[in-house]
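Shown next, in structure tokens, is the structure this report addresses.
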Amino acid sequence: MTNTVDSKKRRDLVKGIGLLAISLPLGVKREPNALAGPHEKKRVLRVAHITGVHIRPEYNAPERFGRCIEEIKKHKVDFFLNGGDSIFAADYNNITRERVNEQWAIWKNARERFKGYEVYSCLGNHDMWWACPDKSDSMYGKPHVIAQLEMPGRFYSFEKHGWHFIILDSNNDNAGSLDAEQRKWLENDLASLRRGTPVLCMSHYPILGVSTIMEGGNHTDARYITNLFNKHRDKTITCISGHIHLLDEAGYDGVRYYCNGALSGFWWEDGDSDSAAKCYYRETPPGYAILDLFEDGSVSNRYYPHSF
């Protein structure tokens, strides 16, 4: 015999669930742990990703940069990932030694804002002084930038709370690519990891992007890198980048790729006719990303526009 009261209750319950589902806006991502239960994911790290800082003396950029860092600290991050283009530009043919030194002096002073935090950086295409008249000069090329940013090398990796971090050098002969030495190192680095290791990979140029279809600036050896990641499907890999000052997210073969805009937006300037609003580069506001990294290898990447 059918229990009509129980049947009505079940129909009302199903109807209620349907209304709940309809009430959730399509396309809105839940924050991790929004429906926390007894088996909620455990966050092990919170990291700030800044990229495209382009520090310069003009436009009151140093003071505005400092205000950005103070805002980021309120997120209670564990450390900073600096995605390159730390200074405005040293790579053009007309850049003088004095201009390069001026920019790095501002960066060094601004670096005091990070006091008490570890900062892991990668090389940006605008950071190197290629116009140095003598290639034997200590300021020529990558070694000088590595010293200014206190990096252990032009590419490297490190471990934090069970996560493996890979920092790449995108600036090689074919812009947005890895050189042969770095390829071999990356292959060995990934092969050394145990099954299930969560990996966060930071490059300056996007390895894979959506905006790069329109804007350019994608890694020219993306096929090589994605093939390598495919060989390591037993790890959980997430990639972050900058370079193009645009915000996008892509997914391919189980790997997530986040291009996280630029802290400087339109290089600290007001913008141009293509800017969607003041200081925007095209549709992307100046900002930074906060990444929550979880024990299971998942990542929450949130972009925060700033108004400085």
Side-chain angles (χ1 to χ4, degrees), residues 48-74 77 79-133 137-152 154 167 169-171 202 204-205 241-245 260-272 278-281 284-289 304-308:
H49 179 216
I50 60 173
T51 188
V53 171
H54 289 284
I55 203 71
R56 60 193 299 191
E58 300 83 16
Y59 301 100
N60 199 26
E63 193 272 337
R64 293 161 68 189
F65 170 77
R67 291 164 69 185
C68 290
I69 297 303
E70 293 308 312
E71 180 180 290
I72 293 171
K73 288 178 182 178
K74 293 177 182 177
V77 299
F79 59 90
F80 285 78
L81 293 173
N82 171 33
D85 285 352
S86 299
I87 60 173
F88 177 56
D91 58 320
Y92 298 121
N93 290 335
N94 64 336
I95 302 296
T96 65
R97 183 184 302 273
E98 291 73 24
R99 177 65 171 175
V100 176
N101 283 330
E102 177 186 42
Q103 292 175 82
W104 283 120
I106 295 171
W107 173 263
K108 185 176 181 180
N109 184 60
R111 178 68 175 80
E112 290 299 309
R113 296 282 190 169
F114 297 113
K115 195 170 184 179
Y117 293 87
E118 292 177 307
V119 180
Y120 297 92
S121 299
C122 71
L123 301 175
N125 58 297
H126 288 296
D127 293 327
M128 279 72 71
W129 188 35
W130 301 117
C132 181
D137 192 304
S138 63
M139 286 182 63
Y140 175 79
K142 297 178 182 180
H144 183 66
V145 180
I146 290 168
Q148 299 305 306
L149 295 174
E150 301 177 23
M151 297 165 59
R154 64 186 182 92
I167 313 298
D169 171 19
S170 299
N171 307 278
M202 179 172 71
H204 181 62
Y205 287 69
S241 64
H243 181 56
I244 57 174
H245 291 223
N260 282 324
L263 195 74
S264 65
F266 198 87
W267 297 270
W268 302 105
E269 300 177 34
D270 286 348
D272 62 11
K278 185 178 179 180
C279 299
Y280 280 46
Y281 181 69
T284 300
Y288 56 88
Y304 289 86
H306 70 75
S307 59
F308 305 123

Test item: Asn125 side-chain N/O and Asn171 main-chain N/O as donor-acceptor pair under 3.5 Å: no
Partner residues of Asp169 under the salt bridge (Lys or Arg N to Asp or Glu O under 4.0 Å) criterion, sequence neighbours left out: Lys142, Arg154
Minimum heavy-atom distance Asp127-Cys122, with the two atoms named: OD2-O, 4.4 Å
Check: His306 and Ile72 side chains under 4.5 Å, non-hydrogen atoms: no
Atom pair CG/CE of Asp91 and Met128 - distance to nearest 0.5 Å: 8.0 Å
Set of residues satisfying side-chain hydrogen bond (donor to acceptor under 3.5 Å, both in side chains) with respect to Asp137, sequence neighbours excluded: Arg97
Atom pair CD1/CZ of Ile50 and Phe80 - distance to nearest 0.5 Å: 6.5 Å
Distance, nearest 0.5 Å, that separates CG of Leu123 from OG of Ser86: 8.5 Å
Non-neighbouring partners of Tyr120 that pass ring-ring contact (aromatic ring centres under 6.0 Å, His included), sequence neighbours left out: Phe79, Phe158
Approximate separation, where rounding is to 0.5 Å, of Leu263 CG and Thr51 OG1: 9.0 Å
Listed partners of Ser264 passing side-chain hydrogen bond (donor to acceptor under 3.5 Å, both in side chains), at least two apart: none
Under the ring-ring contact (aromatic ring centres under 6.0 Å, His included) test, residues paired with Tyr288 that sit two or more places apart: His75, Tyr304
Under the ring-ring contact (aromatic ring centres under 6.0 Å, His included) test, residues paired with Tyr140 that sit two or more places apart: Trp130
All side chain to side chain contact (heavy atoms under 4.5 Å, CB included) counterparts of Glu58, not counting sequence neighbours: Arg56, Arg99
Any donor-acceptor N or O pair under 3.5 Å, side chains His204, Asp85: yes
Intermediate values then yes/no, salt bridge (Lys or Arg N to Asp or Glu O under 4.0 Å), Arg67 and Glu63: CA-CA 6 Å; Arg67 291 164 69 185; Glu63 193 272 337; 3.7 Å; yes
side-chain hydrogen bond (donor to acceptor under 3.5 Å, both in side chains) involving Tyr280 - partner list, sequence neighbours excluded: none
All side chain to side chain contact (heavy atoms under 4.5 Å, CB included) counterparts of Thr284, not counting sequence neighbours: Leu246, Leu247, Tyr303
Candidate pair Lys74 and Glu71, rule salt bridge (Lys or Arg N to Asp or Glu O under 4.0 Å), full reasoning: CA-CA 5 Å; Lys74 293 177 182 177; Glu71 180 180 290; over 6 Å; no
Side chains of Trp104 and Leu149 in contact at under 4.5 Å (non-hydrogen atoms): yes
Minimum side-chain heavy-atom gap Arg64-Cys279 below 4.5 Å: yes
Counterpart residues, ring-ring contact (aromatic ring centres under 6.0 Å, His included), relative to His49 (two or more places apart): none
Min side-chain heavy-atom separation Phe65-Trp268 under 4.5 Å: yes
Side chain to side chain contact (heavy atoms under 4.5 Å, CB included) involving Asn94 - partner list, sequence neighbours excluded: Tyr92
Just distance, no hydrogens or angles: give the donor-acceptor pairs under 3.5 Å from side chains in residues 105-117, sequence neighbours left out.
none

Flag, side chain of Gln103 to backbone of Ala89, donor-acceptor distance under 3.5 Å: yes
For Pro57 against Pro62, the heavy-atom pair lying closest together: O-CD, 4.3 Å
Single hit among His54, Glu102, His126 for side-chain contact (heavy atoms from CB on, under 4.5 Å) with Phe88: His54
